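The structure appears right after this line, and notes come after that.
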Number of protein chains: 2
Amino acid sequence: MEVTHEDFKKVETAINDVKEEGRQIRSIFEGYSDENFGIDWEVDAAVDAFSIFSSRWTIEILATLYIAGERRFNEMRKLLRGISSRTLSDKLTKCAESGLVERIVEDGPPVRVIYRLTDHGRDAGRLLGPLVAYMKIHQDRVVRHSQ
Amino acid sequence: MEVTHEDFKKVETAINDVKEEGRQIRSIFEGYSDENFGIDWEVDAAVDAFSIFSSRWTIEILATLYIAGERRFNEMRKLLRGISSRTLSDKLTKCAESGLVERIVEDGPPVRVIYRLTDHGRDAGRLLGPLVAYMKIHQDRVVRHSQ
DNA sequence: GTATCTAGTGTATAAATTGCACCATAGTGT
DNA sequence: ACACTATGGTGCAATTTATACACTAGATAC
């Protein structure tokens, strides 16, 4: 996808700002490193923080709902090409249990079910956004308009 | 882990700034939505961008090297409590292949191997940092110092 | 000779994921 | 009446991925 010089620059700047915030956060936490809360604790906490994202499809489901807004079951299945309905069903249940996603049933028939990010899920999506943008640029999927 | 009011506020502010950058990036990309680069393309691109992270342990390895700095094989195994040496070996190979991690062999004996983030890996780590911090606060693993 | 340190590999087992058929419910078409 | 559509899933066998744990190699120390 080609974007204007101006927009490319805006995105680049935003990504660089986020890198800087990341650096700052790291530097603050480093100051608390002691015998109780050392590297081991930090790594543990990070692994724990990611435990919900670190199995296949969860992070993709989050990104999909963040990008596409609320969607129904079969719409998601279509967007996430390659996921089986079984896995999608299981993962959505997990996402709902962990408070990232809300499941809204609309009476039918046919009964329709809408999945939507909770505030927590939307926050996570926004925090993930800069990384996605960075990877898109890194993989040349987003390029500066030639000329 | 308890942090001072001041540091807690700094981290909170950084996280909120990142959310705002995420919102801005989203809003820029939304402007390019058309028949060629619609929701489908965006979701595809996001799934693709995450493909390296979306199997177990890859994101944890990245976070570990980001937090702990360069480490040797058995040090990482100790930090990532629960990973098998087989899986760690396979995942490190994948991370190296995808350019996130650098494998540096120091002549022995015994031969020592150091794993270190590449610039690309460090960028990804920094971009991931705010999300990790947000999750740590959300899970009350990082709290404001009482009083 | 035996033990120790390093960074892994081999392999059987367990867990996660997929593919595909299938279910219930109600509406529409012929 | 009968088939076909659409909805959101389940059930289950097969495949892929991860784990546990024994084991390797090369060199030094005891």
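Here is the naming used below: chain letters follow the sequence lines, and residue numbers restart at 1 for every chain. The shown structure was predicted, so the numbers you read here are calculated from the model rather than taken from an experiment.
Taking the ring centroids of A:His145 and A:His5, they lie at or beyond the 6.0 Å cut-off.
The distance between atom CG of A:Asp107 and atom C1' of C:dG27, rounded to the nearest whole Å, is 16 Å. Between the CG atom of A:Asp90 and the C1' atom of C:dG19 there is a distance of 14 Å, rounded to whole Å. Look at CD1 on A:Ile52: it is 13 Å from P on C:dA16, rounded to the nearest Å. The separation between A:Lys78 atom NZ and D:dT7 atom C1' is 14 Å, rounded to whole Å. When rounded to the nearest whole Å, the span between CG of B:Leu88 and C1' of D:dC21 equals 16 Å. Atom P of nucleotide C:dT17 and atom CZ of A:Arg77 are separated by 17 Å, given to the nearest angstrom. The interatomic distance linking B:Ile83 (CD1) with C:dG8 (P) rounds to 13 Å, in whole Å. The CE atom of A:Met76 sits 16 Å away from the C1' atom of D:dT7 (whole-angstrom rounding).
When the side-chain nitrogen and oxygen atoms of B:Arg56 are compared with OP1 and OP2 of C:dA16, none of them lie within a distance under 4.0 Å. The shortest distance between the side-chain N/O atoms of A:Arg103 and the OP1/OP2 oxygens of D:dG9 is below 4.0 Å. Here B:Ser89 reaches the OP1 or OP2 of C:dT9: one of its side-chain N or O atoms lies under 4.0 Å away. Between A:Thr87 and the phosphate of C:dT18, there is a side-chain N or O to OP1/OP2 separation shorter than 4.0 Å. Within the 4.0 Å cut-off from OP1 or OP2 of C:dT17, at least one side-chain nitrogen or oxygen of A:Lys91 is found.
Rounded to the nearest 0.5 Å, atoms CD (A:Glu60) and CZ (A:Phe53) are 11.5 Å apart.
Closest to the side chain of B:Phe73, out of D:dA18, C:dT17, C:dA7, is C:dA7. Ranking D:dT19, C:dA7, D:dC21 by closeness to the B:Ser85 side chain, first place goes to D:dC21. Checking C:dT11, C:dC5, D:dA18 against the side-chain heavy atoms of B:Trp57 singles out D:dA18 as nearest.
A:Asp90 and A:Arg86 are joined by a salt bridge, as a carboxylate oxygen and a charged side-chain nitrogen come within less than 4.0 angstrom of each other.
Comparing A:Arg86 and B:Gly82 along DNA chain D, the residue whose closest nucleotide (by nearest heavy atom) sits nearer the 5' end is A:Arg86.
When heavy atoms are screened at a 4.0 angstrom cut-off, A:Arg72 is found touching the sugar-phosphate backbone but no base atom. A:Asn74 comes within 4.0 angstrom of a nucleotide base, judged by non-hydrogen atoms across all strands.
Between the base of D:dG8 and the side chain of A:Arg112 there is no donor-acceptor pair shorter than 3.5 Å.
Ring orientation note: the planes of A:Phe73 and A:Tyr115 are tilted relative to one another, at an angle of 30° to 60°.
Contact check for A:Trp41 versus B:Met1: side-chain heavy atoms found under the 4.5 Å cut-off.
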